[in-house]
Amino acid sequence: MRFSSRLTITSLAVVLLSTFIATAQTPTITPGDNLVVEGIPPIPATLVENVERYTNFRAASLSSWHPQRREMLISTRFGDTPQVHLVKFPQGARKQMTFFPERVGGGSFQPTQGDYFVFSKDIGGNEFSQNFRYDLATGEVTLLTDGKSRNSGGAWSTKGDRIIYTSTRRTGKDNDFYIINPKDPKSDKLIAQVEGGGWGALDWSVDDTQILITEYVSANESYLWLMDASTGEKKLITPKGGKEQVAYRGAIFSKDGKGLYVITDKESEFSRLAYVDLATKNYTYITSNIPWDVEDMELSDDGKNLAFVTNEDGRSVLHILDTATRQEKSLPKLPIGQVYGITWHKNNQDLGFTLISARSTADVYSLNIRSNRVERWTQSETGGLNTANFSDAQLVRWKSFDGKTISGFLYRPPAKFKGKRPVIIDIHGGPESQFRPSFLGRNNYYLNELGVALFFPNVRGSSGYGKTFLKLDNGFKREDSVKDIGTLLDWIAQQPDLDKDRVMVTGGSYGGYMSLAVSTNYADKIRSAINIVGISNFVTFLEKTESYRRDLRRVEYGDERDRKMREFLLKISPLNNAQKIKKPLFVIHGKNDPRVPLNEAEQIVATVKKNNIPVWYLMAKDEGHGFSKKKNIDFQFYATVMYIQEHLLK
């Protein structure tokens, strides 16, 4: 008896020693205290080592030119979150100005002296942004808003002594207008009350007596108003009603104050650049010769040059127009990619912008219109990887169930990977958005190291293809966009180099809903799915999304308070079809998400677990609508790589 007991103890010791050795040989990483992890196996430290270089990409974007010096504020990340940095000349050192645990939303110099800048910041991704003043002489930071409500960054007066911005502080849902002198926080004043969360300030007149404001109703409908800067009295300048819904995607005063330059789809399938005479309300269309959307514009300080950007099948094209002759200037050729954040320096010569392409992460550039010289101001790190060999996008088109042509961009892995390649379908959010070829960041690991092809579709409802296409998924047409993915799966099955038996679908926000909807409708055609901050039940989503955006979302998805619409939304919601999900699911969400509340993730996880399939769940307590902190993004990436290895590649 004693001998047997001694043997048992010895055997137990051997088992424990073996377990210790095995554990010591395969160390794992520990999730941060801010992360809730369910169903995700321990992540080996070796995986982290293998992917390390792909987690060290940086990016930079232009925030503001200094009004008197050829210097600029940019946004980039050195630590865990993006912060404001100062760059004094092209390729100069990036001097960090703000140091917060939360991401900082750019920075805007006071537009005449530049002795301070204003920036915005929220907490934990809750999007209740507050505005702050940063004094360059002292480094002192001063809160300008109430610390509680949701506030926009606003627009500077021409004189530079005031900012008009919107805030929800009165009701929690209405974007009322406030004016403040940032040098004197006590000057903050409510100037106009409005109803709804779609209001915003665009521009001040040259004499600062009027303010141009916008009322956003939906992606297809918006209006422009003039506001008296002293009284807050509003005057509608784009009539309501009529047969045609019209959208205004931007507007600025002409230098003489007699008219507006606007971006609008009025009387057109695409958004055009137009000049509106304020006295007659007559429109002069400037870009009718370009059959694509104009998406951004910026007028030089002297009013002589108007820069604008067009979206041509996903590619950005920069234009500069002489406002006197309405003729375009000849510009140097830029790399194929996306151009955004165009901003004129006060010298009326330098146009700053951010450029991103498939082989180059986002960086800041300037174009001098006198010399036609392009200068690169930042060169962000790429983890030591040679990005020149990264895969570029191929434009692909296919016919959907109703004969409509749908398109997307396919990235194929390097030729070293032989045989049919597994595919990840990644669907954009919005839904009024568009995937456009750009730097894929961490996703390049899937291409270069795992040999996975990446497909980014622009299903119906995506922007960039005209306003008719934009409306094709509204209301009761919601599932037609899901059918677009069904026909894409059929297209993949016909490709000799793609593996129809190894397809994963993923997406964020609305794309998260799409990944769940594909999981319920086409479970037999996919291997697995990842849902990132996605909608699982349209009714609970519409009832619980933040009040300032609820009516705006009802225009897109339908009003759940209407009986027939409510029945339809419940019928198509993935949560109510969760029994059809038969393939592994990974759900990722932020606790503080104001757009798609956490409940959308919790309820789909709890329900799908009953299907006896693998369900992975990752929730960050300090994030909102998508992860923004590097440590959280990294852990999400590690877990995703392991999920792909386990539930796509095997």
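All values below were derived from every heavy atom in this structure, side-chain atoms included, with hydrogens, water molecules and symmetry-related copies excluded.
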Got [X] and [Y] here, is their nearest side-chain heavy-atom distance under 4.5 Å?
X      : Y      : answer
Arg58  : Thr361 : no
Thr387 : Asn444 : no
Ile424 : Thr506 : yes
Asn311 : Trp292 : no
Asn474 : Glu556 : yes
Ser222 : Val217 : no

Looking only at heavy atoms, which two atoms of [X] and [Y] are closest? And how far apart?
X      : Y      : answer
Pro291 : Asn289 : CD-O, 3.5 Å
Ala251 : Leu202 : O-CB, 3.7 Å
Asn175 : Gly198 : ND2-N, 4.4 Å
Gln379 : Arg94  : O-NH1, 4.3 Å
Val533 : Gly626 : CG1-N, 3.6 Å
Pro431 : Tyr557 : CD-OH, 3.4 Å

Heavy-atom donor-acceptor pair, [X] side chain to [Y] backbone, under 3.5 Å:
X      : Y      : answer
Ser157 : Arg162 : yes
Thr238 : Tyr223 : no
Ser75  : Ser61  : no
Asn56  : Gly383 : no
Asn131 : Pro182 : no
Thr287 : Leu273 : yes
Asn348 : Asp301 : yes
Thr468 : Gly466 : no
Gln110 : Thr112 : yes
Gln130 : Phe128 : yes

Any donor-acceptor pair under 3.5 Å linking the side-chain atoms of [Y] with those of [X]?
X      : Y      : result
Thr81  : Lys630 : no
Thr343 : Glu298 : no
Asp208 : Thr158 : yes
Tyr285 : Glu267 : yes
Asn220 : Ser218 : no
Thr98  : Gln83  : yes

Is it the case that Arg272 places NZ or CZ above or below the six-membered ring of Tyr283, under 6.0 angstrom from the centre and within 45 degrees of the axis? no
So [X] and [Y], would you call those rings parallel, tilted or perpendicular, with 30° and 60° as cut-offs?
X      : Y      : value
Tyr134 : Phe117 : parallel
Trp199 : Trp225 : tilted
Tyr116 : Trp156 : tilted
Phe119 : Phe132 : parallel

Identified ring pair (Phe, Tyr, Trp, His ring centres under 6.0 Å) counterpart of Trp65 within the set Phe109, Trp377, Trp344: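 Of the listed residues Phe109, Trp377, Trp344, the ring pair (Phe, Tyr, Trp, His ring centres under 6.0 Å) partner of Trp65 is Trp377.
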Ring pair (Phe, Tyr, Trp, His ring centres under 6.0 Å) partner of Tyr445, chosen from Phe390, Tyr54, Phe57: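 For Tyr445, the ring pair (Phe, Tyr, Trp, His ring centres under 6.0 Å) test succeeds with only one of Phe390, Tyr54, Phe57, which is Tyr54.
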List the steps and the verdict of side chain to side chain contact (heavy atoms under 4.5 Å, CB included) for Tyr165 and Leu144. CA-CA 11 Å; Tyr165 68 98; Leu144 300 177; over 6 Å; no
So, [X] and [Y], do they make that salt bridge, N to O below 4.0 Å?
X      : Y      : answer
Arg249 : Glu432 : no
Glu71  : Lys95  : no
Arg359 : Asp392 : yes
Lys234 : Glu215 : no
Glu546 : Arg150 : no
Glu295 : Arg436 : yes

Asp363: what forms a salt bridge (Lys or Arg N to Asp or Glu O under 4.0 Å) with it, not counting sequence neighbours? Arg376
To the closest 0.5 Å, what do you measure between [atom1] ([X]) and [atom2] ([Y])?
X      : Y      : atom1 : atom2 : answer
Ser108 : Leu73  : OG    : CG    : 8.0 Å
Arg103 : Lys629 : CZ    : NZ    : 8.0 Å
Ile532 : Asp426 : CD1   : CG    : 7.0 Å
Leu226 : Lys235 : CG    : NZ    : 7.0 Å

Verdict with reasoning, Leu472 to Asp480, per side chain to side chain contact (heavy atoms under 4.5 Å, CB included): CA-CA 8 Å; Leu472 289 179; Asp480 287 355; over 6 Å; no
Should Asn151 and Ser167 be marked as a side chain to side chain donor-acceptor pair (under 3.5 Å) after you check the CA-CA gap, both sets of side-chain angles, and the distance that decides it? CA-CA 4 Å; Asn151 304 276; Ser167 177; 2.7 Å; yes
Could you walk me through whether Arg460 and Phe469 pass the side chain to side chain contact (heavy atoms under 4.5 Å, CB included) check? CA-CA 6 Å; Arg460 66 190 66 205; Phe469 192 83; 4.0 Å; yes
The test is side chain to side chain contact (heavy atoms under 4.5 Å, CB included); show your working for Leu212 and Phe253 and say whether it passes. CA-CA 8 Å; Leu212 184 60; Phe253 282 101; 3.7 Å; yes
Over 12 foreign heavy atoms within 6.0 Å of NZ, Lys258: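 Check fails, neighbour count at 12 or below.
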Take Gln349 and Asn368 through the side chain to side chain donor-acceptor pair (under 3.5 Å) test and state the conclusion after the steps. CA-CA 5 Å; Gln349 298 180 38; Asn368 186 283; 3.3 Å; yes
What pairs of residues pass the ring-ring contact (aromatic ring centres under 6.0 Å, His included) test when at least one of them lies in residues 296-329, not counting sequence neighbours?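 For residues 296-329, and leaving out neighbouring residues, the ring-ring contact (aromatic ring centres under 6.0 Å, His included) pairs sorted by first residue read Phe308-His319.
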